[in-house]
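Below, read A as the first sequence line, B as the second, and so on, with proteins coming before strands; counting in each chain starts at 1. Below, all heavy atoms of this structure are taken into account, side chains as well, without hydrogens, waters or symmetry copies. If you're wondering where the values come from, they're calculated on a predicted model, not measured in any experiment.
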Number of protein chains: 2
Amino acid sequence: MSNALATGDDLLRLLAAMANPHRLRIVAALSRYGVRHVSDLARLVGISRPLLYLHLEKLEQAGVIHSHLALSDDGKALRQVGILPFHVTLSPDLIARFADTLTDFKEKKG
Amino acid sequence: MSNALATGDDLLRLLAAMANPHRLRIVAALSRYGVRHVSDLARLVGISRPLLYLHLEKLEQAGVIHSHLALSDDGKALRQVGILPFHVTLSPDLIARFADTLTDFKEKKG
DNA sequence: TGCATATGTCAGAAATACCTGACATATGCA
DNA sequence: TGCATATGTCAGGTATTTCTGACATATGCA
């Protein structure tokens with residue numbers, strides 16, 4: 001593994017964040033083209049903004065991306081989003097090591 | 001990566017198979033204790049058999065486990081299930097390389 | 001002022017995923 | 001024969017996730 005995965009819940013959150021075609025495309029796009037603002041990214045990936053927001057939220061909670069507001073040259077507020085590099089070697093062994101610290105119990109929000 | 005992941009859909013299927021606490025525990029249990037038959041595994045992981053079947057189906061479709069019927073010493077039919085070792089290094093780069101071969105389009109069953 | 005661009009949030013619908021309880025069948029053993 | 005163990009499948013319900021359309025607000029520019 002690598003990226004500060006402390007508990008089984010962290011691993012699960014990462015896996016769940018990745019288990020969706022739109023989110024894989026979002027990560028792929030950011031990986032290839034670097035930082036992009038929300039509307040730009042929505043066009044790049046081909047989905048609506050509201051939907052993109054939903055997916056960005058999950059990616060952010062999993063620690064896969066990061067975002068912040070910034071002013072563009074022409075004075076518009078842009079939410080810039082970029083990747084937070086990660087590197088996890090998925091294997092039965094890794095999973096065995098993290099399974100014990102799996103909380104479960106349906107408690108979502110934080 | 002490693003395990004014969006050919007397309008983005010394969011990657012997505014693997015990630016989706018892992019994105020569930022029960023399934024992580026199933027993989028962990030099989031990784032630790034080796035081959036187990038269904039009823040045994042259900043007790044080990046602490047879930048009902050019908051539910052276990054559902055999860056095993058997803059794991060099998062993702063190529064993470066394998067199973068077959070075998071006779072026990074006392075003549076009972078047992079479905080033995082075991083892990084098919086895998087080893088995938090998840091990273092933005094890997095995802096960028098697989099994102100193009102993502103089918104999506106809601107077509108499930110095979 | 002009117003149009004284009006951007007952010008951010010909702011309610012409610014549609015689609016999936018997840019789970020339980022019940023049922024049917026088969027073997028070994030007391 | 002009756003009990004325990006095992007496999008395998010279903011209908012039906014609940015819970016989550018995913019997605020759309022509408023709204024409100026702000027800036028720059030013609």
Requested in this report: On DNA chain D, check which nucleotide each of B:Leu78 and A:Ala19 is closest to and give me the residue with the more 5' one.
Outcome: B:Leu78
Query raised in the report: Can you tell me how far P of C:dA15 sits from NE2 of A:His22, to the nearest Å?
Result: 14 Å
Report task. Output yes when at least one side-chain N/O atom of A:Asn20 is less than 4.0 Å from OP1 or OP2 of D:dT18, else no. Result -> yes
Query raised in the report: If two hydrophobic side chains count as joined below 4.5 Å and joins carry through other members, does A:Leu52 share a cluster with A:Leu54?
Result: no
Report task. Would you mind classifying the nucleic acid contact of A:Leu54 as base, sugar-phosphate or nothing, using non-hydrogen atoms under 4.0 angstrom? Result -> base
Query raised in the report: So do the side chains of B:Leu24 and A:Leu12 get within less than 4.5 Å of each other, counting heavy atoms only?
Result: yes
Query raised in the report: Which residue pairs pass the salt bridge (charged side-chain N to carboxylate O under 4.0 Å, His left out) test when at least one of the two sits in residues 77-87 of chain A, sequence neighbours left out?
Result: none
Query raised in the report: Roughly how many Å is it from CZ in A:Arg79 to P in D:dA26, rounded to a whole number?
Result: 17 Å
Report summary line: Applying ring pair (Phe, Tyr, Trp, His ring centres under 6.0 Å) to A:His37 and not counting sequence neighbours gives none
Query raised in the report: Under the side chain to side chain donor-acceptor pair (under 3.5 Å) rule, what pairs show up with a residue in residues 26-35 of chain A, not counting sequence neighbours?
Result: A:Arg32-B:Asp100
Query - DNA chain C base-pair string [pairs: Watson-Crick or G-U under 3.5 Å; |: paired with another strand] - result: ||||||||||||||||||||||||||||||
Query raised in the report: Which residues, if any, of residues 28-53 of chain B bring a heavy atom under 4.0 Å of DNA chain C?
Result: B:Ser48, B:Pro50, B:Leu51
Query raised in the report: Can you get from B:Ile65 to B:Tyr53 by hopping between Ile, Leu, Val, Met, Phe, Trp and Tyr side chains that sit under 4.5 Å apart?
Result: yes
Requested in this report: List the atom of A:Ala96, the atom of B:Ala28, and the distance in Å for their closest heavy-atom pair.
Outcome: CA-CB, 3.7 Å
**Report entry** Atom-to-atom span, CZ of A:Arg25 to P of D:dC19 - whole angstrom
**Finding:** 10 Å
Report summary line: Between CG of A:Leu56 and P of C:dA6 the distance, given in whole Å, is 15 Å
Pairwise N/O distances under 3.5 Å, protein to nucleotides 27-30 of chain C:
| from | atom 1 | to | atom 2 | distance (Å) |
| --- | --- | --- | --- | --- |
| C:dT27 | O3' | B:Gly75 | O | 3.4 |

Report task. Whole angstrom is fine here: how far is it from CG in B:Leu69 over to P in C:dT25? Result -> 18 Å
**Report entry** For the student: nearest non-hydrogen atoms of B:Ala70 and B:Gln80, plus distance
**Finding:** CB-CG, 4.2 Å
Query raised in the report: OP1, OP2 of C:dA17 versus side-chain N and O of B:His55: anything below 4.0 Å?
Result: no
Report task. Specify the separation, in whole Å, of atom CZ of B:Arg13 and atom C1' of C:dT16. Result -> 16 Å
**Report entry** Donor on one side chain, acceptor on other, A:Thr7 and A:Asp9, under 3.5 Å
**Finding:** no
Requested in this report: Send over the distance from A:Asp73 CG to C:dT5 P, rounded to a whole Å.
Outcome: 17 Å
Report summary line: In whole angstroms, the gap separating P of C:dC19 from CD of B:Glu57 amounts to 14 Å
Query raised in the report: Would you say B:Leu78 and B:Val35 are hydrophobically clustered, going by side-chain heavy atoms of ILVMFWY under 4.5 Å?
Result: no
**Report entry** Nearest heavy atoms of A:Ala29 and A:Val45, plus distance in Å
**Finding:** CB-CG2, 4.3 Å
Query raised in the report: Where do A:Leu56 and A:Val38 come nearest, in terms of heavy atoms and distance?
Result: CD1-CG2, 4.2 Å
